[in-house]
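By convention in this document, chain letters (A, B, ...) are assigned in the order of the sequence lines, proteins followed by strands, and residues within each chain are numbered from 1.
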Amino acid sequence: MTNNITKLTLTETIEALKRKEFSEEELNQAYLSKIDTLNPKLNIFLEIQKKSRGIPAAIKDCILTKGTKTTAGSKILSNFIPPYNATVIDKLSEQGVSVIGKANCDEFTMGSSGENSAFGPTKNPWDLNKVPGGSSSGSAAAVLADLCTFALGTDTGGSIRQPASLCGIVGLKPSYGRVSRYGTIAMASSFDQIGPMTKSVEDAGLVLDWISGEDNYDSNCRKEKFTLQPGRLKAEIKGLKVGVPKEYFGKGLDAGVEKVVKEAIKKLEELGAEVVEVNLPHTEYGIAAYYVLITSEISSNYARYDGIRYGGTRDLFGPEVKRRIMLGTFALSSGYYDDYYAKAAKVRTLIKQDFERVFEKCDVVVGPVSPTVAWNLGEKVTDPLTMYLADVYTVPASIAGIPGISIPCGFSDNLPVGLQILGKYMDEETILNVGEVYEQATNWRKEKPKL
Amino acid sequence: MEKGKTKAMNYEPVMGLEVHVELNTKSKMFCKCSADYFGKEPNTHTCPVCLGLPGALPYINKEAIEDCIKIGLALNCSISEVSRFERKNYFYPDLPKGYQISQYRWPLCVGGRLQVTDNSGQEVTIRINRAHQEEDTGKLTHRGNETLIDFNRSGVPLVEIVTEPDFKDVESVRDYAKKLQQIFRYLGVSNADMERGDMRLEANVSVRPVGQTELPNYRVELKNINSFRFMVAAIEYEIKRQIAALEKGGKISQETRGWNDDKKCTFLQRSKEEAHDYRYFPEPDLPELQIKPDEVGKIRESLSELPWDKQKRFVREYKLTEAQAKILSESKELANYFEQAVKHGKEHGVEAVQIANHIINKKINIEEILPTQIIEEIKGKKVGIVADEGELEKLAEQSISENPKAVADYKSGKEAALQVLIGGVMKLSKGKADSAKLKPILEKLLKG
């Protein structure tokens, strides 16, 4: 029974509760007992809340929960109990969602493997020697291991999509401005978005419906709410134009991943989509521009952890956070601003224009999420640059502020591979439709690790 | 003539002014906390935003932006259709985010001007570089070995007004600062009280040989000076200090100095080497600030008449002298009082000039005497005055019964409430009651 309950998607869980197949108490009990068994092995939750009511969700630990410790994976905030809720938490609780646990993540969401957490890495449920991806490492692993009905992650340069890909779940980064960032600890303010990490595409649409829309506490949050239409997503992509950027299939892409992704694209074609080749010529500058812009914002955003108010000095920052603070401080320094920040901002415009041009020719852009499948724990920790390059396919959409989703599309070396679907700004609906059609036609989402 | 003096005549000061003014908006610049912090229990007007807590974000207060535009318009600035907030990064315990949200490359109001009077009584134009919007910091109190932080002031809206280096003497600096204060009060955007820190002055002072057209290659910033008087003293001292140094063949360094009023001298606060690199960059938490021309038009229409416009109108409309008009337009309250009295005066054949003379010469306290009363005073023993005590008492009783609140106020100790009752009698008597006799009558009735 327990296993059957926790296997259900969010949508199925809501239906089952409506039909009174089980109670909210039984639902929570099922998840809590599974957490009891698996959390020590996987190191997913930093805090667990034993409740008997509500639909249990895992919340990335950089999202503030009033009265519940929120550390963002950092020793700097190891005793921080927020006096207020993030807007997304209030919106979820209006829908009857409860927080079952605060999910581990790379310290202050800086990382691509989960290993930068000050509280130890989360393990990939497919292979405990592998990373789950990051920075929303705990959120992805919690969804995969059925320790929650769904999770919230945050994505600045790929932190939802990449762990979703490496764990084989659905991860949606909404358009910048779709979801209020208020109460979510910022990494890079002009990039950060909160998004759903779920067991199905339909669930991702439902959670986005819940958390999106205007908020008078985030000036960059737009009025337009995403609404999941009744009758849900339309299972139809005939004639839809799918753009495949050749820049996403070049050097550095693992052959196994490439094969799986290309098969997925072929599947979309079989399902009626028209595949067109497109160019995103400024992709190669994406990573450089991204790391100049985000580190600049980070150097300013992290000044508030000055050792005066949160206990502990700045020595408690981990090496990756220190590295980014220093890089950004340098990039903004007098005499360097034009060469770094200003130039990177120009590249940002060019990358935005790349996408605008491409979206004149196609409805969505598809490609890999990550150049490789999950790697071994410890493999890249000493080589930050290689770690940065893991973001090469996810960063451009973050720079452009457009929505992107990762959906499971197969396996390479017995590890999951994600298909990335990018859409026009504020057009989550189309990428969700494509994902839904693909998901319905395949069985990847039902593959689960034996734990 | 002494040798030194001749030489001193060869230098002229070149000065610019930066003025910070705290707006009296209801809420703070980027959150919903009350901006009315003065004298309040420390750290009671705070929230996650103005405390800079993790996850908190700024949200723009439109009222503050409108006030900034009003200031810009009063200073003949053009209002940028697109401007931007930027972050000014520096560490200080009173700055909870580690940066101040300010404007730098893209200010809201640019390129204005203001006429001031210099040492010799000449009108000179001071060019305004910008008026931009920013937020205030918290307040530190040092007590023995500890320092206390009060964040009630953190995030209160500030407008910074920066001039070009157009000041050549101290008098024009003083006049400029006074005029700004008058503008802020006329516009109703700030109390502009120097002592409370509503208005703060910083002067950039340097000197150059007369005849040199290019700007000196240094400037000394005079900071943290909280009165007009101290600022004037500091500037005068600084000009002398710099000239003396140059005459000795010395070089003056770029630095920040404060004013020691006990020793009557400026002192070094921060040298150039210690200057901050603020690492300004566009505030990523806020969108561009877009102001449509029709919004500016609406604000322009809503602007109250500015002091110098009022002054000109008083001369034109009421045939006052320049001097009279200037005094009567000193504050908006006094100007309104004068015009109300003029209105009453018309009904009683009293000329505006007579009224102006009366207010100025008698130093009328406008808080105590009603405009209708001064018409009576001017008319003096003119015909029609109600001086009969019995009749006055009747009118006073009627006024008392019609103004129960004023009676209650008076009885609770607010003596000023008596003016309301006097005003009531004046109204009943169409301004003909003898105000001198009226006061004791009212007092007697109220006590009885």
- Could you check B:Arg208 against B:Asn217 for side chain to side chain donor-acceptor pair (under 3.5 Å), going step by step and ending with a plain yes or no? CA-CA 10 Å; B:Arg208 68 181 169 197; B:Asn217 57 4; over 6 Å; no

- Query: Where on A:Tyr337 is there a heavy atom nearer than 4.5 Å to chain B: the side chain, the backbone, both, or neither?
  - Reply: side chain

- Portion of A:Ser333 that has a non-hydrogen atom of chain B nearer than 4.5 angstrom: both

- Can you tell me if OH on B:Tyr104 sees more than 12 non-hydrogen neighbours from other groups inside 6.0 Å? no

- Side chain, backbone, both or neither: which part of B:Phe30 has a heavy atom under 4.5 Å from chain A? neither

- Which answer fits A:Tyr310, side chain, backbone, both or neither, if we ask what part of it has an atom under 4.5 Å from a heavy atom of chain B? side chain

- Query: Is chain B contacted by the side chain of A:Ile308, its backbone, both, or neither, given a heavy-atom distance below 4.5 Å?
  - Reply: side chain

- Message: Looking only at side-chain N and O atoms, does A:Thr156 offer a donor or acceptor that is under 3.5 Å from a partner on A:Asp192?
- Response: yes

- Message: Taking side chain as everything from C-beta outward and backbone as N, CA, C, O, which of these in A:Arg181 sits under 4.5 Å from a heavy atom of chain B? Side chain, backbone, both or neither.
- Response: both

- Item | Residues in residues 285-292 of chain B that sit under 4.5 Å from chain A, counting heavy atoms only | B:Asp285, B:Leu286, B:Pro287

- Where do A:Asp106 and A:Ser117 land on the side chain to side chain donor-acceptor pair (under 3.5 Å) test, with the steps shown first? CA-CA 4 Å; A:Asp106 283 294; A:Ser117 168; over 6 Å; no

- Of the backbone (N, CA, C, O) and the side chain (C-beta and beyond), which part of A:Tyr176 lies under 4.5 Å from a heavy atom of chain B, both, or neither? side chain

- Item | Interchain contact, B:Phe281 with chain A, by part (heavy-atom threshold 4.5 Å) | both

- Query: Are a donor atom and an acceptor atom from the side chains of B:Tyr59 and A:Asp218 found within less than 3.5 Å of each other?
  - Reply: no

- Query: Which bit of A:Ser180 comes within less than 4.5 Å of chain B, counting heavy atoms only: side chain, backbone, both or neither?
  - Reply: neither

- Message: Can you tell me which portion of A:Asp215 sits under 4.5 Å from chain B's heavy atoms? Options are side chain, backbone, both or neither.
- Response: backbone

